[in-house]
Amino acid sequence: MARFVVIGAGLGGMSAAYELRDVLGKSHEITLVGQGETFGFTPSNPWLAVGWRKRDDITVPVAKYVGKHDIRYFGDGAASIDAAANRVVTGGGETIDYDYLLICTGPKLAFEEVPGSGPEGGYTQSVCTTNHAQKAWEAYEEFLKNPGPIVVGAVQGASCFGPAYEFAMIIDADLRRRKLRDRVQMHYVSSEPYIGHMGLGGVGDSKGLMESELRQRHIQWTVNAKVAEVRDGEMTVVEHDAEGKPLSERVLPFRFSMLLPAFKGVDAVAGVEGLCNPRGFVIIDKHQRSPKYPNIFAAGVCVAIPPVEVTPIPTGAPKTGFMIESMVTTIVRNIEAELAGKPAGFEATWNAVCLADMGDTGAAFVALPQIPPRNVTWTKIGKWVHLAKLAFEKYFLYKMRNGTSEPIYEKYVMKALGIERIKAGTGNDG
């Protein structure tokens with residue numbers, strides 16, 4: 001019997017716990033350590049932030065459902081990891097020994113790197129967590145009583161740009177439905193060198209398509225920019241040239257703002273010597289395991305991935321939902337092989353698939369693989385993307401409630417698009 005501890009009860013962690021149980025059977029001990037009592041479906045947070053979803057629509061009580069699969073759950077987070085002793089200490093002081101540790105924590109949100117940003121003590125909102133999205137909805141409700149300028153975007157060092165575009169488009173659609181759009185000036189601010197860069201160096205014709213969408217929706221933009229400071233009702237934005245030198249500074253007023261922050265690794269993980277890079281992200285090999293600690297694997301936003309390309313203002317590489325699931329499946333298959341005495345040679349495809357809703361339509365960005373050179377790269381806009389994201393939400397929440405590691409959506413819809421979780425030819429031939 002092997003003892004598994006999974007840290008993080010988000011998209012990656014919940015999937016990992018269920019997939020371990022499904023693939024390895026009931027003879028092993030699985031413990032899930034998360035922060036809080038509920039799983040929140042992060043891709044739906046922009047909908048929650050404009051009132052198109054209620055919190056209960058996109059959350060699942062973790063202990064209730066993982067317990068049905070004989071998975072223990074601790075909801076007080078991980079306080080520390082003793083990698084030498086193979087031990088995790090929870091926020092409640094519980095000590096858990098492991099044979100294998102899976103780190104799926106997601107990021108620490110580095111709002112402090114931009115003075116005045118963030119929903120806790122700052123002046124901007126966030127859609128990074130369910131709690132933040134709920135708070136954004138409350139702020140948006142107040143905004144609707146007295147509309148004014150809106151600023152949406154992603155600050156320097158950010159690596160997740162899809163939700164920023166998505167939220168800008170969703171707010172535009174919502175204000176049009178409310179007959180308030182004519183009273184609101186909207187501005188998109190980003191560290192990307194150009195519109196549609198996405199932290200991926202562009203995806204197909206993403207630049208032209210996204211610029212066209214913003215123009216049609218009367219959303220102005222400033223890119224290659226740093227947010228220097230946020231104050232009550234205004235922010236200072238510095239635009240830079242192609243060499244990264246300051247070009248111009250402007251003050252953007254706002255009555256409502258949502259800025260995505262840069263990410264760092266969570267403290268308990270970042271504090272393990274030799275596990276992480278200077279930003280606290282877990283260093284992994286092509287099999288998703290730590291080179292220093294072979295019984296530690298990592299998946300999701302917490303892993304260290306270099307930028308796709310150097311940009312004048314720092315941008316990171318995004319980790320999309322399907323890419324995270326690809327990492328999780330790779331980990332589980334490698335552990336399964338190792339327990340059977342076979343080479344643990346599976347590799348994730350790291351295919352980037354982003355479905356961004358725009359309220360009445362949507363944009364799909366596909367980069368296979370995420371890191372160039374690529375086999376496939378395209379961006380398409382259409383009503384079908386909106387419907388595909390709705391379907392993905394329903395399927396993923398179904399999976400979290402039922403413990404299914406790979407439902408029909410991935411088996412048929414993704415494979416029809418030529419998108420696989422694991423690289424062909426990897427595995428036991430390792």
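Sequential numbering from 1 along the given sequence is applied to the chain's residues. The figures here come from the full heavy-atom set of this structure, side chains too, leaving out hydrogens, waters and symmetry mates.
- Between the side chains of Asn224 and His240, no donor N or O sits under 3.5 Å from an acceptor N or O.
- In summary, the side chains of Asn131 and Arg55 do present a donor paired with an acceptor at a separation below 3.5 Å, with no hydrogens or angles considered.
- Atoms SG and CG, from Cys128 and Leu109 in turn, are 5.0 Å apart once rounded to the nearest 0.5 Å.
- One side chain, Asn86 or Asn295, offers a donor N or O that lies under 3.5 Å from an acceptor on the other.
- Side chain to side chain, His287 and Glu338 fail the donor-acceptor criterion of an N or O pair below 3.5 Å.
- A salt bridge links Glu393 with Arg53: at least one charged nitrogen is closer than 4.0 Å to a carboxylate oxygen.
- Side chains of Glu192 and Tyr165: a donor-acceptor N/O pair is present below 3.5 angstrom, by distance only.
- Taking the six-membered ring where the residue is Trp, the centroids of Tyr140 and Phe256 are separated by under 6.0 Å.
- Judged purely by distance below 3.5 Å, without hydrogens or angles, the side chains of Glu19 and Thr329 pair a donor atom with an acceptor atom.
- Using a 4.0 Å cut-off between a side-chain N of Lys or Arg and a carboxylate O of Asp or Glu, Arg3 and Glu29 do not qualify as a salt bridge.
- The aromatic ring centres of Tyr18 and His69 sit less than 6.0 Å apart.
- The pair Lys26-Asp70 does not meet the salt-bridge criterion, since no charged nitrogen lies less than 4.0 angstrom from a carboxylate oxygen.
- In this structure the side chain of Leu48 never reaches within 4.5 angstrom of the side chain of Val127, judged on heavy atoms.
- Taking 4.0 Å as the cut-off between side-chain N and carboxylate O, Arg217 and Glu211 do not count as a salt-bridged pair.
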